[in-house]
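Here the structure is a predicted model, which is why all the values come from computation and not from measurement. Naming convention: chains lettered A, B, ... in sequence-line order (proteins, then strands); numbering from 1 in each chain.
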Number of protein chains: 4
Amino acid sequence: MFRIQITTGGKVPIYRQVVDQIRSAIAGGVLAVGDPLPSVRGLASELVVNPNTIAKAYSSLVADGVVESQQGRGYFVTQHRQIYTKRERKRRLEETIAPLVAEAVTLGFGEDELIAEIRKRFAKMTNR
Amino acid sequence: MFRIQITTGGKVPIYRQVVDQIRSAIAGGVLAVGDPLPSVRGLASELVVNPNTIAKAYSSLVADGVVESQQGRGYFVTQHRQIYTKRERKRRLEETIAPLVAEAVTLGFGEDELIAEIRKRFAKMTNR
Amino acid sequence: MFRIQITTGGKVPIYRQVVDQIRSAIAGGVLAVGDPLPSVRGLASELVVNPNTIAKAYSSLVADGVVESQQGRGYFVTQHRQIYTKRERKRRLEETIAPLVAEAVTLGFGEDELIAEIRKRFAKMTNR
Amino acid sequence: MFRIQITTGGKVPIYRQVVDQIRSAIAGGVLAVGDPLPSVRGLASELVVNPNTIAKAYSSLVADGVVESQQGRGYFVTQHRQIYTKRERKRRLEETIAPLVAEAVTLGFGEDELIAEIRKRFAKMTNR
DNA sequence: GTGGTCTAGACCACG
DNA sequence: GTGGTCTAGACCACG
């Protein structure tokens with residue numbers, strides 16, 4: 001079953017977490033084309049956050065063409081198209097990796113430990 | 001020679017970029033224990049940013065125990081002590097990993113591709 | 001009710017006074033887990049100082065893990081986790097004790113007098 | 001024997017450490033009235049600090065009437081007089097204690113642990 | 001309304 | 001010359 005989980009108090013804003021997790025769910029096949037998203041109010045009350053926050057996340061997904069709004073029925077997953085060129089995707093990935101590796105080394109973790117933690121994170125994502 | 005480069009207009013704040021790059025330089029051995037950091041004012045004028053922004057970055061490095069400030073002399077790389085508990089270090093690593101994995105998946109990268117990129121990053125760091 | 005009071009013109013910086021008083025309030029139970037801190041702007045205008053000064057104080061409390069910032073909502077007292085290693089905690093305590101003892105001796109107080117005053121301070125904290 | 005020890009990288013400036021330790025030595029009887037202080041240059045080279053820093057510390061002691069300069073011979077301990085009223089001394093002590101106790105509690109130390117550390121600090125001072 | 005980042009600039013302490 | 005603190009004020013992101 002598809003569940004969104006957020007953490008508060010960290011640096012990542014709630015709406016970003018919602019966006020990222022829905023994208024991940026689509027990319028991972030947990031949400032298929034045509035599937036409905038949870039309702040804005042339902043999800044907001046479940047996560048105990050402001051409905052505006054969920055609405056903002058969904059709007060951002062609509063703007064990116066990942067989901068569409070059907071008047072009065074809710075939000076649904078659309079065909080997800082790759083937007084960036086391969087080169088651009090790689091550049092963005094490398095840009096994100098560099099600070100992570102620096103942080104991990106600062107915290108005293110080695111290459112293999114970091115990778116083990118990343119595999120755990122992936123496992124957690126697909127299990128959900 | 002050790003140079004810091006920043007990009008403005010993106011979502012990563014300037015002070016964060018400075019922190020990340022100095023951490024990378026230390027992790028990669030470009031900056032060794034006892035080495036001075038560029039002076040706050042010098043770096044600020046070189047990067048054309050406000051000295052307060054650099055001061056904020058340096059303070060954050062001091063809080064993590066990787067550099068220290070010597071009254072009236074400047075900032076220096078310290079002998080790296082582990083100051084956080086194992087639990088806290090793990091919490092921080094997970095907090096950093098979660099958004100990265102979400103971003104990678106959003107960009108269409110799978111687990112193995114991400115890990116390959118991370119290994120490349122480690123290799124690049126130690127080669128230099 | 002919880003009030004912060006500062007003095008200017010002394011050697012203790014304003015942001016330090018704010019940090020110390022909030023710590024005392026938490027240590028003494030005046031502020032409990034989950035309680036909000038005064039808003040940055042609200043406290044700044046109440047104390048007639050710049051909001052940046054309060055923000056600096058609050059950031060320092062976040063770094064020590066005693067409060068957390070919730071995006072767009074404010075700062076809240078967290079469940080207190082021990083984030084530093086035993087060695088680091090001891091190092092910090094010694095660093096704080098050394099100047100205190102020097103000051104006490106300079107003021108003409110002996111070991112037992114100082115300790116009596118410290119016990120009084122603890123008693124005052126828990127009584128409130 | 002009388003030895004001054006300083007730590008760099010902390011928040012307490014070097015000249016303050018020198019001043020405090022000399023005052024403590026006098027208060028503790030390690031330095032008696034008429035005893036000479038180490039020479040400015042000698043102490044500076046021993047501590048590997050700028051001679052101006054030592055000169056500044058000694059000037060501050062002269063200004064407070066704790067030591068006196070004898071032209072061409074050096075600095076000597078004079079009769080130390082209490083400057084503050086009892087009430088003022090106590091007020092200053094309490095002012096210093098409050099943040100220490102808050103810090104100790106934040107770090108997870110209890111009353112007895114803090115006091116044990118303070119006794120250790122006193123022991124270290126008199127042994128030296 | 002809440003915090004987060006940044007600039008421009010001042011004044012001071014320390015070495 | 002070096003960092004440390006603080007002000008005044010702007011603009012933006014988040015909820």
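Distances shown here put every side-chain N or O of Tyr58(B) at or beyond 4.0 Å from the OP1 or OP2 atom of dT2(F). Residue Tyr15(A) has no polar side-chain atom (N or O) positioned under 4.0 Å from OP1 or OP2 of dG15(F). A close approach under 4.0 Å does occur between a side-chain nitrogen or oxygen of Thr53(C) and OP1 or OP2 of dT7(F). Considering only side-chain N and O atoms, Lys56(C) lies under 4.0 angstrom from the phosphate OP1 or OP2 of dT5(F). Distances shorter than 4.0 Å separate some side-chain N or O of Ser69(C) from OP1 or OP2 on dG4(E).
Between Ala55(C) and Gly72(B), the one whose closest nucleotide on DNA chain E sits nearer the 5' end is Ala55(C). Map Gln70(C) and Gln70(B) each onto its nearest nucleotide of DNA chain E; the residue landing nearer the 5' end is Gln70(C). Each of Val12(C) and Ser39(B) lies near DNA chain F, and the nucleotide nearest Ser39(B) is the one positioned closer to the 5' end.
In this structure, OH on Tyr15(B) lies 15.0 Å from CG on Asn50(B), to the nearest 0.5 angstrom. Taking OG1 of Thr8(A) as the reference point, atom CD of Gln17(A) lies at 8.5 Å (rounded to 0.5 Å). Annotation: the span from Ile6(D) atom CD1 to Thr53(D) atom OG1 amounts to 8.5 Å, rounded to 0.5 Å. Interatomic distance, Leu37(A) CG to Leu43(A) CG, rounded to the nearest 0.5 Å: 9.0 Å.
Taking both residues in full, the closest heavy atoms of Leu107(D) and Leu93(C) are given as CD1-N, 3.9 Å, listed atom of the first, atom of the second, then distance.
Side-chain proximity of Arg73(B) to the nucleotides dT2(E), dT5(E), dG15(E) is greatest for dG15(E). If you check dG4(F), dC14(E), dG15(F) against the side chain of Gln71(C), the one that comes closest is dG15(F). Listed nucleotides dC6(F), dG4(F), dT7(E) differ in distance to Pro13(C); the shortest reach to its side chain belongs to dC6(F).
Side-chain contact between Ile14(B) and Leu47(B): absent, with no pair of heavy atoms (C-beta onward) separated by less than 4.5 Å.
For Asp64(C), the salt bridge (charged side-chain N to carboxylate O under 4.0 Å, His left out) criterion is met by Arg23(C), Arg92(C), not counting sequence neighbours.
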Dot-bracket for DNA chain F, 5' to 3', counting Watson-Crick or G-U wobble pairs under 3.5 Å, with [ ] for crossing pairs and | for inter-strand pairs?
||||||||||||||.
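Of the residues in residues 40-52 of chain C, those lying under 4.0 Å from DNA chain E by heavy-atom distance are Val40(C), Arg41(C), Asn52(C).
One atom, OH of Tyr75(C), and another, C1' of dG1(E), lie 15 Å apart when rounded to the nearest Å. The CD atom of Glu68(C) sits 16 Å away from the C1' atom of dG4(E) (whole-angstrom rounding). Between Ile54(C) atom CD1 and dG9(F) atom C1' there is a gap of 17 Å when expressed in whole angstrom units. Nucleotide dA13(E) holds its P atom 17 Å from the CD1 atom of Ile14(D), rounded to whole Å. Rounded to whole Å, atom C1' of dG3(E) lies 15 Å from atom CG of Leu61(C). Residue Arg16(C) contributes atom CZ, which lies 11 Å from atom P of dC6(F) at whole-angstrom precision.
Below 30°, between 30° and 60°, or above 60°: for Tyr58(D) and Tyr75(D) the angle between ring planes is above 60°, a perpendicular geometry.
For Arg91(D) and Glu88(D), the salt-bridge test passes: some basic side-chain N is under 4.0 Å from an acidic carboxylate O.
In this structure a side-chain-to-backbone donor-acceptor pair under 3.5 Å is missing from Thr106(A) to Ala27(B).
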